[in-house]
Structures are given as C-alpha cells and as structure tokens.
Novice: 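Please find one structure pasted underneath; my questions will follow.
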Amino acid sequence: MASGSYRNGGPKLSAKLDRQHSAVYSTPKASAKSRPPATPAAASSLRRSGSGNPASTPASNKGDAGVPGRVRVAVRLRPRNAEELVADADFADCVELLPELKRLKLRKNNWDSETYEFDEVLTEFASQKRVYEVVAKPVVESVLEGYNGTVMAYGQTGTGKTFTLGRLGEEDNAARGIMVRAMEDILADTSPDTDSISVSYLQLYMETIQDLLVPGNDNIAIVEDPKTGDVSLPGATIVEIRDQRNFVELLRRGEAHRFAANTKLNTESSRSHAILMVHVKRSIKGRHDAEPSLPRENGNASPLLSSLRPPIVRKSKLVVVDLAGSERIDKSGSEGHSLEEAKSINLSLSALGKCINSLAENSPHVPFRDSKLTRLLRDSFGGTARTSLVVTIGPSPRHRGETASTVMFGQRAMKVENMVKLKEEFDYKSLCRRLDIEIDKLIAANERQLKDFEDEVERIRADAQSRIAEAEINYMNSLENERSKYQTDYLESIKKLEEKWRMNHQSSNNDKTRVAHEQCLEKTCNIEGSTASNSEEITRVGQLLLNEKLLRESTEEVNDLKSQVLHWKNLEASASAEIIKLRKMLDNEANQKQKLEEEIRILKGQLLQLSVEADKTRRSLESGGSGKSLTGLDSIMSQARHSQLRDSGNGPKASIAKLFEQVGLQKILSLLESEDADVRIHAVKVVANLAAEEANQEKIVEAGGLTSLLMLLRISEDETIRRVAAGAIANLAMNETNQELIMAQSGISLLSMTAADAEDPQTLRMVAGAVANLCGNDRLQTRLRGEGGIKALLGMVRCGHPDVLAQVARGIANFAKCESRASTQVLSVL
Ligand code: ADP
Ligand code: MG
C-alpha cells in the first residue's frame, strides 16, 4: 500500500463514525460546562438537548432494547524513555501521530507507512487531565446517569496502561490517573443522603480471580443470572466509599496486595489483569411518569396510596480494567512457567481478542465463555455498557510488531457496537418499609379514634342519666310542694267555713232571743217550733257549702295532676329524641370504624402483595448476587453486634428506634446515671442497641454517650452493666474518630481494668472486641502498646472461650497489619 493510505478511513466509514460519535457521547467540553445538574431529571434533559437523541432519555429506554453505542477507542503514545533515548537515538519513531486528523501513521520502513483513524489520538505530550476528559469522562457521566460503563487500557507492557489508569498522583497532583479522577467526579456529583458508592478491586491471574482488598480471598467465582445474563462476583469484598481519601487509601492497599500476591506467585503485574468495579446506586425522586399502577378504588387512586409510590433507584457500574501486557509470552515457558501455565496466563487476553473479532465481524457466535475475563466483560463488549478503550503504544521501532498488533486490536474494537441501557428499577424494599410505617400510624390513629368515640358515648350516656335523675327529683319536689300547698289551703278554707258557721249560729241565737222577748210581750205560744226549723236550715246550708268546697278542691287537684302528667310526657319525649340522636351518632361512628378497618385490610393486602414482589425481586437480586459487603473484620463485628442484641434482651430493633425517637437520646443517656440499678441496666442496654446501628453512633458520641459508657466501666460494680457498656464501646470503636476519642478518655486502661476483673466470657468477648477494633487504627499503635492494651488483650486468652479467642486473634491480626504497614512505610521512606 502506498504511503499515506489508511486502513479504515474510507469516506463511508468516516461518516458513520462521526454520526455515531455525536449520538453516543456529549463532547467533554459541553459536558464539563453542564455539571453539576440540579436533579437527575435535569441531567437527562440536558443530555437530551446536548445529544439531540430523544431515545436516550431514561424513561423511554426503560424496558426496551437500548440505544446503539459503539465502543470508543483512543490511542496514546508514551514518550521515549531513558533507555530508548539512548538505544533508538539514531532511529525515527515507528509511529507518527496526526492528532488534529485523529490519525496515526505506522511506519513500515523509511518510505512506506499505513494510516489508521481513531476516535482520539493522544500524543506523548497529552496531559493526564486531557486523557481523562477524552477517554473516561463521558463514560463516568453516563454511569452517573444510570448506565453501566467500562474504561479499559490495552497495550504492550511498559507503554503506560497503569500510568494512564492507576496513577494516584500523590507526589504530583497533575499525574492523577483515570481511576482517581473518575472517583472525584462521582463523589462530586452524588450525595451521601440519597446515593451510595462502593467498590471492589480484583486481580485476574491464570484464570483465578483474587481479591485485592482482602488478600486471603483468592478464588472468587463468577455468577451469571440465567434470566438476565448479568454477571456478578458475590465473593468479592465491597467497600463503601465516603470520601476521596478513603478511596485512594483503598487503591494503595490494593496495589500493595497486588505486589505481594505477584511476589508470592512468582508473577509480575504485567501478566495479570487488574479490575476496579465502582457500584453507583442513586435514588431518583420526583418522577411521576414512570410510576407503577397501584390498585385503585372506584377508578381513583386514594390519596393515601398516591403518596406511597415506590421510589426509583438506578444501579449502575463503572468497570476500569488495566489489562495484562499484550506482548506474546514465549511458548517454551518464560520466567520458569510450564507450557500449560504460559497458555493460561494469556488465555483471557487471547479470548478477549477472539470475542472482539467475532463482534467486529458480526458473527453469530461470540466465545464469551472461553475465559473469565470475557465472561466478566460480557456487558462491556456487545452488551449494554458504554465502553471506552485506550490503546497504549511506545515509539520504539524495535517493538514495531507489538505496536502494529496493538493498533489492529484498537481498530477491531472500534467496530464493536453496544446497546446502552438504563439500569433503573423500582425500590420495592423501601416502599415496603414506608407502607409498614404508614399502616402502623393508621392503626394507632384508629385506636385513638375508637377510644375517643367510646369516651364520648360514655360521657353522653352519663349526661343523659344525670338529666333524667334531675328531672325525676324536680318532679317529686314539685308534686310534694303542690300537695302541701293544697293541704294548707284546704285546712284554711275549713277554718274559714267553721268561723262563718259559728258567726251564723250566733246571730241566729240573738234573733231567737229578740223574737221570744217580743212574743212574751205579746203573750206568744209558738216560739220553739220556728227556732228549731231555722237551726236545721243553717246546718244543711253549712253541709252543702262544705261539700261544694271539697268538690272544687278535688277538681283543682285533678287538673293539677293532669298538667303534671303532660309535663312528664314532654320530658319523656325529649329524652327519647335525645336517645335516638345518640343511637344515630353511634351508628355513624360504627360505620366509620368499619370503613377504616376495611381500608386497613386493603392496605394489608397490598403490603402483602408488595412484600411478595419485593421478596421475588430480592431473591432474583440475590441469585444474581450482590456481592459480599463485609470484610472478614466486619463480619466478626456484625456477629458481635447480633449476640449483643440477644444479650441485652430488649425487643426488636424497631421498638428501640421508636423509643429513641420518642424519648430522645439525651434522656436515655441521663438514665445511665440513675440511682436505680435496674434503670441503669435498661438504659445501658438501650444505648448498646442504638450504638449497634451505624447511623446512631455519631449522635451518641456527640451527646456524650461515649463518656458516660466509659464512666460506667470505671464505677459500675455490676458485671451486666460493664458487659453491655463494653459491647456498646466495641460498636462505637468501629469508627476511626471514635477510636481516638476512646484513647483520649483513657478508654484502653478502663477496658484493661474491666478485662482483669471480669470472669464472664461474654464480658471478655465484648472487651476483646473493643480492643481489637482499636488495634486496627495505625495512629494508636504506640499508645496501645504503652498503655497496656496489647497486654490486656493477650491476658484475655486465659478465659479459653472460643468467642473470646476469636476476638483476641482479630485484635492481634489488626495490630500486626498496622505494624507491617508502618514498617512498609518506613522501608519506602528509606
Ligand atoms: P504498563 O502498565 O503498560 O506496563 P506503565 O504504566 O507501568 O506501563 O508505564 C511504564 C513506564 O513508563 C513507567 O515508568 C511510567 O511512568 C512511564 N510512562 C508511561 N506512560 C507515560 C507517559 N505518557 N508519560 C511519561 N511517562 C510515562
Ligand atoms: Mg501496568
């Protein structure tokens, strides 16, 4: 081929590449300006307008086959090193770069060369910042939006793969590599309140996956979800990242273990693949377009249910792969390896080459299953991830063959097409938690309403009874009054009548005397007969009068009784009206209660359904494998925490949390100083349970809980209190800041003292656990040794209980680890 010709640069392909470029990535400059987006929704709309590709919006991607996204490939040239400056002084470089045209010329000889086109061409002067922005930044931004992403370096040993990806840049900030810069961007764009970032760091050597974070973990299995095909490593350690310092420390630890593992296995890092996995989990709020259809009543969602929509989570993964050197290993067995070993060393790399060839040629079968590396990278090539590859080359004409094969690998990878897909799902677990809380609230409110209602009914009943009793008394009183009044009137009128009668009788006597006197004068003879008839008449009139009087009085009495009866009837009618009203109220309340019970029953049904779904999701997640999230050290601590909860004998965690909310931490802590020993025991148990939750630990320490617990160790005579207090301190001692506070407050001598006094193995286990945690802190080593901590730890061996021995062993292991780190640092300083 004539000089200046290039392999894949025909106008047709060139046009295709340009189109795909704009469809898949926003340009680094544009995206740098766009950050940080206010909300994930804003971020996606930003990307939408930037890319001009509506199909890339998360909502529309969900559930479909994804958006095409070609693997992007950049080539980076390393500057001549000292040896090459001397050895190749008289020769030209084997490559010539044309960065503005994104082309690379590979010299065949002095007069002939071949040209290749890449997505980016990075010269020997390209800064680490520029390399990050061109190669990795678009992938990192994509991961932050919920897509999987891969950044990989391929090239001959010594061409700068580790320089590009793994430099920590501690000595020179500008030298920071892709791993460090990617985490900086991820941490800046996420919030610990809603998002979580965790990493695994692994090495793949001779088809064995080793954990670079926990070196003993050296044969990790790959698990594939048979349904989704998703690959995971449940055996790998996953460490939650909170800040950049924490991450850099982890990378440094991984590098040290990689060095140690390679020394032990008599290998070099150039023969192994290093794989960093960053898991990003983000909660998406305020999204209503993608809500699931919840059960509805009468076609309308109840307001309660509409407030209980499942939140959305995006779980994406950034994989950074520092591949083994691409040079061929001498088949006869270089570096003391047998032929079999030599084959398996590069099995993964050659399998990767075959897969990329198959994908580039669109062949129906891609041999992903041929090696562990290709199984792990299944999503990165031909899968759903955005993938960016940087191929590294050296300038030396002596390595022209290796450089040419590296360039060809990059060219083939550029033809691999992925279908990027949003990794978004509903967070049913947290919905279940919310529903549980909501139902508890409803039950409590319902119970309160029921109680109020019963109280009200009781009150109305008592009120009515007292009113009836009052009316009865009033009636009796008025009846009595009337009766006595009529009696008095009656006696009065009798008296008057008698008086009248006496007066009449007297006047008739006077008349009789006068008539007799006159008749004597006239010599009368009939006087006696007329006097007798007068007296009879008067008696009869008097009798008539009396009868009439009695009749009148009885009529009045009857009338009065009639009006009383009427009054009573009225009273009775108003009382029955009141009773009817009360019955109606009772019926209403009973209906309302029935409705509430119905609503609770529906909610419970829905909760059950959701729990079943959540279980299913969890089971499928678990069978997909979510990774082991505890280190060996953490798992021991978690066991200690569980047994401590058992010891404390206090109900479920939830009720403690509730108590914590209701009573308040300050109040609980003040109970630690109570006069009553029982109260003190309960209070320390509650504090121990709270301290078992990482989220509470900072609050407990801020409120002076740690000081109070140490004070209990100092003054308490009661072994139970000392045991539970030591357990709580062990939990608080999991955190580095707390460890230093414990030391500052003479915690180690108090723990030593407790260890010396205690006989109960559970107390010794707690104390040993606390000291073991302190032993993991590099800064406390000298003081631990000087203040008798290590002596006390070893002293606890006397107990012989396996739990205590396990904690002592952990402590000694932690201590030894710190010691060895310290001596490694001293050595490296020397
Ligand atoms: P690899 O990981 O590919 O084997 P390294 O990253 O270890 O290669 O690089 C080999 C050497 O070259 C290291 O000393 C590194 O500092 C140096 N080096 C690599 N790339 C560059 C570069 N772009 N600029 C300066 N030095 C480089
Ligand atoms: Mg390397």
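Quick caveat, the model's predicted, so the values are computed rather than measured. Start at 1 and go down the list; that is how both ligands and their atoms are numbered.
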Novice: Quick one: which ligand 1 atoms are inside 4.0 Å of a heavy atom on K161?
Specialist: 1 (P), 2 (O), 3 (O), 4 (O), 6 (O), 8 (O)

Novice: Going by atom types only, do R72 and S388 share a side-chain donor-acceptor pair under 3.5 Å?
Specialist: no

Novice: If we ignore hydrogens and angles and just use 3.5 Å, is the side chain of K161 paired with the main-chain N or O of G155 as donor and acceptor?
Specialist: yes

Novice: Nearest heavy atom to atom 5 (P) of ligand 1: which of G160, S127, A126 does it belong to?
Specialist: G160

Novice: N/O of L77 under 3.5 Å from N/O of ligand 1, yes or no?
Specialist: no

Novice: Would you call D189-R282 a salt bridge at under 4.0 Å N-O?
Specialist: yes

Novice: So is T157 close enough to ligand 1, meaning a heavy atom under 4.0 angstrom away?
Specialist: yes

Novice: Quick check on side-chain contact (heavy atoms from CB on, under 4.5 Å): which of D88, V95, D93 does S396 satisfy it with?
Specialist: D88

Novice: Only one of T164, T159, T406, T403 forms a side chain to side chain donor-acceptor pair (under 3.5 Å) with T392, so which one is it?
Specialist: T159

Novice: Check this for me, if you would: do R78 and E84 make a salt bridge, where the nitrogen-to-carboxylate-oxygen distance has to be below 4.0 angstrom?
Specialist: yes

Novice: Among all protein heavy atoms, pick the one closest to atom 2 (O) of ligand 1 and tell me residue, atom and distance.
Specialist: T162 OG1, 2.7 Å

Novice: Between Y132 and D185, does any side-chain donor sit less than 3.5 Å from a side-chain acceptor?
Specialist: yes

Novice: Can a donor-acceptor pair be found between the side chains of E141 and Y147 at a distance below 3.5 Å?
Specialist: no

Novice: Any heavy atom of T392 closer to ligand 1 than 4.0 angstrom?
Specialist: no

Novice: Side chain or backbone, does P79 bring an N or O within less than 3.5 Å of an N or O on ligand 1?
Specialist: no

Novice: Does any N or O atom in D322 lie less than 3.5 angstrom from one in ligand 1, N or O only?
Specialist: no

Novice: Could you name the option among G155, G158, A324 that has the heavy atom nearest to atom 10 (C) of ligand 1?
Specialist: G158

Novice: Between T157 and the Mg ion (ligand 2), is there a contact where an N/O/S atom of the residue lies under 2.8 Å from the metal?
Specialist: no

Novice: Which atoms of ligand 1 sit under 4.0 Å from any heavy atom of Q156?
Specialist: 3 (O)

Novice: Specify the protein heavy atom at minimum distance from atom 16 (O) of ligand 1: its residue, its atom name, and the distance to 0.1 Å.
Specialist: F163 CD1, 3.5 Å

Novice: Establish whether atom 25 (C) of ligand 1 and some protein heavy atom are separated by less than 4.0 angstrom.
Specialist: yes

Novice: Cut-off 3.5 Å, side chains only: do Q203 and Q210 have a donor facing an acceptor?
Specialist: yes

Novice: Please identify which atoms of ligand 1 are closer than 4.0 Å to at least one heavy atom of R78.
Specialist: 12 (O), 18 (N), 19 (C), 20 (N), 21 (C)

